[in-house]
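The structure displayed is predicted, hence computed values, not measured ones. Residue numbers begin at 1 in each chain, while the letters A, B, ... track the order of the sequences.
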Amino acid sequence: MSMLTNYVDAFQLLLDPTVILMIAAGTILGLVMGALPGLTAAMTIALLIPLTFGLEPIQGIGMLLGGFVGAVAGGAIPAILLGIPGTPSSVATTLDGYPMAKNGQAGKALGIAISSSFVGGLVGAILLLLVAPPIANFALRFGSAEFFALGVFGLVIIASVSGNSMSKGLVAGLIGLLLSTVGADRINANLRFTGDEPALIMGISLLPALIGLFAVAQVLQDLATHKKDKKELNIANNVADAKPYWGILGRSWKILTSSTLIGTIVGAIPGAGGSISSFMAYDQAKRFSKTPEKFGKGHDEGLIASESANNSMAGGALIPVLTLGVPGEVATAVLMGGLTIQGVRPGPALFEQQTTLAYGIFFAFIIANIFMFLTQLMGIKLFVRVLKVPAKILTPLILMFCVIGVYGVSGNFFELWLMLGFGVLGFFLNRYGFGTAPVILGLILGTLVESNLRRGMLLFDGDWTQFLTRPISATLLGLSAVLLVIILFQRRQDVKKGTNTGN
Amino acid sequence: MINGRIIFDVVILAITGWAFSAAQAFPESFMQEHITSSFFPSIVSGLLMVLMLNVLWTDFRELRTHGESVEKMDPRSALGALAVLALLVIYIFLIEGIGFRLATMVFLFAAMMVSHITLTKADDDQLKNLLPSKRYTLSAALASVVVTLLTHAVFVHGFGLSLY
């Protein structure tokens, strides 16, 4: 089947009104959650997963992608109006967005952010559409040795998503790896760490782990560390003039282009993530601006750089997930979990065995970006109001959705206890600086690494040197080593500068 | 010097030690394998033990030299988080006992009350200043019923989930 036929078939899949409706619903929910400080893109996707169970795969995936796009874009709203980034990727947006709002230009700042997000998101999606199929086609040559090396490559990311302490990040990653060994062994069905619990025979379900670590743990942390001097939304902020500012974007086309490219490329590099891409784009824009002195005081260019980069990052971040089955950062790790639960197996086989669905994901992602733009323009006043929902109402509702998510899907009480256990574990892991992101990466990649290592050893009759001599696996292992050195070097530099972009 | 951080480190270390010893007892495979079922969990738990010992030592040394770096929890917030956790435990038991709808109504109402007490700004932490007003209590009760029934209808009839 030619690539054109794939695109046509996938496009037809998206013509179903229910699919469009689900993408729109996901985008709106994503925007609402992204607009609430503390609710990250990862948590948004984790909470959306249960909603997708009764849906067809493309409908469910569309909803998750909408949630991802919406949450990344929605983070700009509190960043501009309160100076509090809604998501980690919108930290750089506060630098110029908040000063603009304080100068009475909240509407203009939101308008620039919305239009920059749209351009960034759309370009990222188009690049994903063009780049992903050839990468997946190449990855079809992968065997056990290559998948093992790919898993190792993914595990290196743990070093970059670790917080201030690398050893604590590694501990969290190893906890995830150890948890991935629970259940019946994939090679010879030996039971490991299952006790007498039948629910554990198939291993630890991803859903209670995701919801526990990213939603329950976050709620507990927010309650335990609640600040009583929280910033209040200035309702005098005029958001009526939040409209697209194509003229301003056109005048800053160089910044827009470079930031979008930076966002996509950095997003595609496992371990880099949104906050790094937006800061890199911001720094680049300031460096080449004719008015660098205005940066940090409410400059359009700073806002354009940050918002276009963090939204194009989303498209870039999907490249390794869809083509190689390796999530590059937390939100896409959770998204990958959601895709797996939907019956989609991200990786090269996706493009061979579920071709129409794979290409449908690209179009769903583009449509989600269009919805994100339209919904924000039409409903910005509503999303601003979301910031006023009191935490005392929101907290019980989030917890109820967590329980519905796990119980409604499995009907298994053991999984509810598992979710609670992961919530408590996540709370302490966050509190004492271990972080929860490495646990999920370990849990997802553990099976890939172990089963391919053992399968490979069986195939190569115990000759482990095959893992190092086969060209692709050797290259991937080499790249893992290089990536690890780069990450260690970066962390050293960050420590010297007194900053850390880890979590 | 014993505090929460050290206790957490020790608990993780103990669980890891148990996992390492349990991994040694996994049964042998019936087929000729170069890597057995216990290989990967043993390596992972072994590494985890070494790293945890390092973390424990570092945390202990840091505590002795710089004191606790983790911000101390405000007693009201800590109690609030603990109360919400306890409510979650009760919620799970209640679902099993009285079904989803009734359990959710009870949980939502109780959690809204606890969250109000925990998250309300007050000049002093005296309970009388933090207790919810009659109006808030009635609104919370009404919201619990409406939200539960609405959510149940949407998830069961709209998304096809089974919530009994």
Check whether B/Tyr136 gets within reach of chain A through its side chain, its backbone, both or neither, counting any heavy atom under 4.5 Å.
side chain

Taking atom types as modelled, find out whether B/Ser38 and B/Gln24 have a side-chain donor-acceptor pair closer than 3.5 angstrom.
no

Side chain, backbone, both or neither of B/Phe100 within contact of chain A (heavy atoms, under 4.5 Å):
side chain

Quick one: do the A/Thr395 and A/Asp222 side chains pair a donor with an acceptor below 3.5 Å?
no

Does any backbone or side-chain atom of A/Leu394 lie under 4.5 Å from a heavy atom of chain B? Answer side chain, backbone, both or neither.
neither

Tabulate, in ascending numerical order, the residues of residues 82-98 of chain B having at least one heavy atom closer than 4.5 Å to a heavy atom of chain A, or enter 'none'.
B/Val84, B/Leu85, B/Leu88, B/Val89, B/Tyr91, B/Ile92, B/Phe93, B/Ile95, B/Glu96

Parallel, tilted or perpendicular for B/Trp18 and A/Phe193, by the 30°/60° rule?
tilted

Would you mind listing every salt bridge (charged side-chain N to carboxylate O under 4.0 Å, His left out) that reaches into residues 132-142 of chain B, with sequence neighbours excluded?
none

How about A/Val216 and A/Phe422: do any of their side-chain heavy atoms sit closer than 4.5 Å?
no

Over 60° means perpendicular and under 30° means parallel, so tell me whether A/Tyr407 and A/Phe413 are parallel, tilted or perpendicular.
tilted

Check salt bridge (Lys or Arg N to Asp or Glu O under 4.0 Å) between B/Asp9 and all other residues, then give those that pass, not counting sequence neighbours.
none

Residue part contacting chain B, namely of A/Val219, when any heavy atom lies under 4.5 Å
neither

One option among A/Leu55, A/Thr52, A/Ile175 has the most heavy-atom pairs under 4.5 Å with chain B, and it is A/Ile175

At a heavy-atom separation under 4.5 Å, does A/Leu420 approach chain B through its side chain, its backbone, both, or neither?
side chain

For chain A, which candidate among B/Ser144, B/Ala140, B/Ala111 shows the most heavy-atom pairs at distances under 4.5 Å?
B/Ala111

So which residue, A/Thr181, A/Leu416, A/Leu51, ends up with the most heavy-atom pairs under 4.5 Å with chain B?
A/Leu51

Please determine, among B/Leu51, B/Val156, B/Leu79, B/Thr104, the option with the most heavy-atom pairs under 4.5 Å with chain A.
B/Leu51

Per-residue contact mode, A/Val403 against chain B (heavy atom under 4.5 angstrom)
side chain

Is A/Val424 in contact with chain B via its backbone, its side chain, both, or neither, using a 4.5 Å heavy-atom distance?
side chain

Taking atom types as modelled and ignoring hydrogens, do the side chains of A/Ser180 and A/Glu450 form a donor-acceptor contact shorter than 3.5 angstrom?
no

Apply the test ring-ring contact (aromatic ring centres under 6.0 Å, His included) to residues B/Phe8 and A/Phe434: give CA-CA distance (whole Å), side-chain angles for both, the deciding distance (0.1 Å), then the verdict.
CA-CA 11 Å; B/Phe8 181 69; A/Phe434 293 85; 5.6 Å; yes

So how far is it from B/Asn54 CG to A/Lys168 NZ, rounded to the nearest 0.5 Å?
10.5 Å

Applying side-chain hydrogen bond (donor to acceptor under 3.5 Å, both in side chains) as the test, list every pair that has at least one member in residues 145-157 of chain B; sequence neighbours left out.
none

